[in-house]
Amino acid sequence: MKMTQLFTKTSKTVPADETSKNAKLLIQAGYIHKEMAGVYDYLPLGLRVLENIKQIVREEMNAVGGRELIMSNLQRPELWMETTRWDDKVVDIWFKTKLQDQTEIGLAWSHEEPIMDMMQHFVQSYKDLPAVVYQFQTKLRNELRAKSGIMRGREFVMKDMYSLHVSAEDLDTYYNKVIEAYKRVYERLGIGKDTYVTFASGGAFTKFSHEFQTICDAGEDILYLHREKNIAVNEEVLDEAVKELGVNKDEMEKIKSAEVGNVFNFGTDKSNAMKIYFTGKNGEQLPIYLASYGIGVTRVMGVIVEKFADDKGIVWPEAIAPFKIYLARLGDEADVVKAADDAYKRLTDAGIEVLYDERDARPGEKFADADLLGIPYRLVLSAKTLAEGKCELKRRTETDTVLLTIDEVTKKIAVGKGTLV
RNA sequence: CGGGGUGUGGCGCAGUUGGCUAGCGCGCCGCGUUUGGGACGCGGAGGCCGAAGGUUCGAGUCCUUUCACCCCGACCA
C-alpha cells in the first residue's frame, strides 16, 4: 500500500486522555481511533494486524477440527433465563435493549447459551458428537469501568470456541488437544515464551479452569509461577491450587500478567440447565458435555504492543505486522522515484507486503514514522543508495543497516528469519 | 458505584485578582527555498472556550446543575 493512499496519519503528540502504552501508541500511529471510553475503531492498519492475528488463530482452530461460524449479536432473554444468567444480579455486564414492540433483547456478551440452543437443532444423537464450533465475534460488555486501552474495552473481538461431547473422557481428551493448539497460537503470535497455562477458578464442574496468562506489566492478574516445575497459578486460587498440586508457595515467583485466553469445562451443567440432551446407543436421553475456549483477539494485540514497544514506538512480531517492509523513498529526483516505484512493484509482485512511503516528506519524518508504526523492516531508497544500484535494509529492532539489491531483499525477506549481515 | 482529576480549533497546551477583536506550538492551505533522523521564510484558513442555567455593566475565568474523559478502588475475557 502507498502511504498517500492511506488516509490515516501519525501524530507527533500523544493523546492526553490515554495512559496505557498500547492505546497511546496505537492511536498516535493511526492504528485505532477512540470512540468513547473502552470503545475503539480499528483503522486500516489496525485491521490488518487484527486479521493477521485472527488468521493464526483460525488455522489452529481448524487444525483441531473447529468449524467456523458466526452467531448473532442480538440475543433472546429466554435462553439466558434458563440458566439464571439474564438476571442483572447474576451477570452485571449486560447491555439490554428493546425491539420496537417492546420485546426485550440482550446484546451478546457471551454466546454459551445461544450456542447450546443453536446446536441442539443439529445434535440429537451420539452419532452427531463430538461437535466443535467457533467464531470471531464482537462481544459487548457493560463494564463498570473500561481501562488499559484495548486490553479491556466495552466492545472487543474474541474468538470463542465450543466443543460438545458424549462423555467426560471424550471432553478431557479434546480439551487437552485445544490446550496444545492454544500453545501453538501464542507461539506463532510471538508471545509463547512468556505465556503460561495457568490454574484459575473453575466453577461447578471442575476444580480449576485453565487460563493462558502472558507476563505483562500492564496486565490485571497476578500470577504465581514455579519455573522449575512449569506450573503457573492465578492468585485467585493460589492456596487451593498449591495444596492440590503439591508445590511450595515459597518457591513461586509473583508476576503481573494479562489473561490472553481461557479454556473452561462446563461438564453437563449447561446441558442440564437448558434441558438439551442427546440420544445414546441404547436410546436413552443423555446430557451433553460442554467446554468453551476463548482468546481475546483485540486484547492480545494490546498485550503485544505493551510487551515489545520501545521508546521509538511499536514493534510488531513479523507474523502479525500490518506490513513486512516500510519502503522509504528519500528525495524526488526522477531516477530515485523510478527506482523506488520499481522496487515497490517488484517486492509486491513477489508477495511481500510493503508500505510504500512516497510522501513528499523529509527523511527524519519518514524514519520516525517507520519506527512508530513498528514495521519489521525498513528499506530506504535514495540517490545515495541508487548510486550503487542498491537499497538499504534495516530491521526495526536493530541499528545496523545493509546495502542490498532488490533481488537480494526479496530473497532475504521471503525466506524470513535470517540475520541481516 | 465510591474517591480524586480534567474538559479552550484536528492534536498538545497557555489564558493573572472577571475587562477590550481568545493566544501559542504541531498539523492544515498557498508560494518559495530545502531533503539521510520529525527543515525554514512569507502569506492564509480554522475555535465562542463540554452543555444548560444563573450572578454581573461585562464570564474561558465566579455560582448551580449536567454530560464526557482519565486515574485509584470494587468487578471482570
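Throughout, protein chains are lettered first and strands after them, A, B, ... in sequence-line order, and every chain is numbered starting at 1.
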Kindly give the atom pairs (protein nitrogen or oxygen, nucleotide nitrogen or oxygen) under 3.5 Å for nucleotides 69-72 of chain B.
{"residue": "B/C69", "atom": "OP1", "partner": "A/A37", "partner atom": "N", "Å": "3.0"}
{"residue": "B/C69", "atom": "O3'", "partner": "A/K34", "partner atom": "NZ", "Å": "3.2"}
{"residue": "B/C70", "atom": "OP1", "partner": "A/K34", "partner atom": "NZ", "Å": "2.8"}
{"residue": "B/C71", "atom": "OP1", "partner": "A/T19", "partner atom": "OG1", "Å": "2.9"}
{"residue": "B/C72", "atom": "OP2", "partner": "A/R145", "partner atom": "NH2", "Å": "2.3"}

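Among the nucleotides B/G12, B/A77, B/C28, the one closest to the side chain of A/T13 is B/G12.
Across all strands shown, A/G153 has heavy atoms under 4.0 Å from base atoms, whether or not it also approaches the sugar-phosphate.
The environment of A/K96 atom NZ is dense: over 12 non-hydrogen atoms of other residues, nucleotides or ligands sit within 6.0 angstrom. In this structure, A/D217 places its CG atom where only 12 or fewer heavy-atom neighbours from other residues, nucleotides or ligands lie under 6.0 Å away.
Using atom C1' as the reference point in both B/A51 and B/G41, the two lie 42 Å apart (nearest Å). Atom name C1', nucleotides B/G44 and B/U61: the rounded distance is 31 Å, in whole Å. Remark: the separation of the P atoms in B/G2 and B/U65 is 15 Å, to the nearest Å. Spacing between B/G25 and B/G15 at atom C1', rounded to whole Å, works out to 15 Å. Atom name P, nucleotides B/G46 and B/C24: the rounded distance is 15 Å, in whole Å. To the nearest whole angstrom, the two P atoms, one in B/U8 and one in B/A14, are 10 Å apart.
Judged by the 6.0 Å and 45° rule, A/K54 forms a cation-pi pair with A/F136. For A/R395 and A/Y377, the positive end is not near the middle of the six-membered ring at less than 6.0 Å and at most 45° from its axis.
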| query | With the sugar-phosphate defined as primed atoms, P, OP1 and OP2, and the base as all remaining atoms, what B/S/- string results for nucleotides 33-40 of chain B, 5' to 3', for protein heavy atoms under 4.0 Å? | reply | -BBBBBB-
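Using a 3.5 Å distance cut-off with no hydrogens or angles, the side chains of A/N62 and A/E68 do not pair a donor with an acceptor.
Using a 4.0 Å cut-off between charged nitrogen and carboxylate oxygen, A/D342 and A/R346 count as a salt-bridge pair.
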| task | Kindly indicate, with the supporting measurements, whether the criterion side chain to side chain donor-acceptor pair (under 3.5 Å) is fulfilled by A/Y293 and A/D160. | result | CA-CA 6 Å; A/Y293 318 84; A/D160 47 324; over 6 Å; no
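If A/E259 and A/V14 are placed on RNA chain B by their nearest nucleotide, the residue sitting closer to the 5' end is A/V14.
B/A74 atom P lies 14 Å from atom CD of A/E236, rounded to whole Å. B/C29 atom C1' lies 11 Å from atom NZ of A/K9, rounded to whole Å.
Side chain of A/E253 to main chain of A/Y224: no donor-acceptor pair is present (N/O by atom type, distance under 3.5 Å, no hydrogens or angles).
In this view, A/Y174 and A/H165 satisfy the ring pair (Phe, Tyr, Trp, His ring centres under 6.0 Å) rule, not counting sequence neighbours.
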